[in-house]
Amino acid sequence: LVQLVESGGGSVQGGGSLNLSCAASGDAFGLYCLAWFRRAPGKEREAVATISAASGRTWYSDSVKGRFTVSQDTNKHTIFLEMNSLKSEDTGIYYCAAYPVSGVTICGPVVTWYNSWGHGTQVTVSS
């Protein structure tokens with residue numbers, strides 16, 4: 001397992017930008033799939049973006065594609081989420097998550113696959 005700590009949440013007006021970070025510590029970072037999930041008020045937790053620490057390949061949900069960018073710094077064992085053109089429906093608690101993999105180049109968005117979670121960081125977008 002890895003330990004995950006998110007940072008960078010906050011409040012912004014619609015159309016604005018925020019950047020999130022997730023620092024991972026523990027076992028070999030390069031053997032993990034990492035992801036950003038969010039839980040909007042009254043909704044289930046959903047995957048926003050994933051990244052393979054080994055390949056760097058990414059996946060995005062349709063709701064954020066073209067607006068959000070997930071990236072990583074493998075030396076610092078950190079992933080990032082750059083969020084642009086934010087909308088009120090992007091409001092929620094954003095979680096970083098990880099699961100160990102072997103031979104996977106694109107990480108899936110299934111919440112039950114992920115067994116390490118951060119505590120989350122609040123993102124609030126006002127219209």
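These numbers come from a predicted model, not from an experiment.
Listed by chain and residue number, nothing satisfies the side-chain hydrogen bond (donor to acceptor under 3.5 Å, both in side chains) test with Ser126 (two or more places apart in sequence, or in another chain). Applying the side-chain hydrogen bond (donor to acceptor under 3.5 Å, both in side chains) criterion to Thr124, with sequence neighbours excluded, gives Gln122. Judged as a ring pair (Phe, Tyr, Trp, His ring centres under 6.0 Å), and not counting sequence neighbours, the contacts of Tyr114 are Phe37, Tyr99.
Contact detail for Ala35 and Thr50: the closest heavy-atom pair is CB-CG2, 3.8 Å. Contact record, Arg45 with Arg39: NH2-NH2, 3.0 Å, taken as the closest heavy-atom pair. Here the shortest heavy-atom pairing between Ala53 and Thr74 reads O-CG2, 4.0 Å. Closest of all the heavy-atom pairs between Val125 and Thr91 is N-OG1, 2.9 Å. The two residues Ser127 and Ser88 come nearest to each other via the heavy atoms CB-CB, 4.4 Å. Across all non-hydrogen atoms, the minimal contact from Gly120 to Ile93 is CA-CG2, 3.9 Å.
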Begin from the C-alpha positions of Asn19 and Met83 and carry the test side chain to side chain contact (heavy atoms under 4.5 Å, CB included) through to its verdict. CA-CA 6 Å; Asn19 294 315; Met83 304 184 292; over 6 Å; no
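Other members of the cluster containing Trp59 are Ile106, with ILVMFWY side chains joined at under 4.5 Å, either directly or via other members.
Side-chain atoms of Asp73 and Phe29, non-hydrogen and from C-beta on, never get closer than 4.5 Å to each other. Side chains of Asn115 and Pro100 form a contact here, defined as non-hydrogen atoms less than 4.5 Å apart. Side-chain contact between Phe68 and Leu18 is absent, with no heavy atoms from C-beta onward closer than 4.5 Å. Val101 has its side chain out of reach of Leu31: every pair of non-hydrogen atoms, C-beta onward, lies at least 4.5 Å apart.
Linking Ile, Leu, Val, Met, Phe, Trp and Tyr residues whenever their side-chain heavy atoms come within less than 4.5 Å leaves Trp117 and Val2 in two separate clusters. Under the 4.5 Å side-chain contact rule for hydrophobic residues, Tyr60 and Leu34 share a cluster. In the hydrophobic clustering of ILVMFWY residues, with side-chain heavy atoms under 4.5 Å counting as a link, Phe80 and Val70 come out apart.
Applying the disulfide bond (SG atoms under 2.5 Å apart) rule to pairs touching residues 23-60 yields Cys33-Cys107, sequence neighbours excluded.
Here the side chain of Arg67 pairs a donor or acceptor atom with the backbone of Ser63 at under 3.5 angstrom. Formation of a donor-acceptor pair under 3.5 Å by the Glu6 side chain with backbone atoms of Cys96 is found in this model.
Atom OG of residue Ser21 and atom CD of residue Glu82 lie 11.0 Å apart, to the nearest 0.5 angstrom.
Salt-bridge formation is detected for the pair Asp62/Lys65: a Lys NZ or Arg NE/NH1/NH2 atom is positioned less than 4.0 Å from an Asp or Glu carboxylate oxygen.
Cation-pi geometry between Arg38 and Tyr95 is not met: the NZ or CZ atom fails to fall both under 6.0 Å from the ring centre and inside 45° of the normal.
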Show me the donor-acceptor pairs, under 3.5 Å and distance only, between side chains in residues 9-17 and residues at least two apart or in other chains.
residue	atom	partner	partner atom	Å
Ser17	OG	Asn84	OD1	2.8

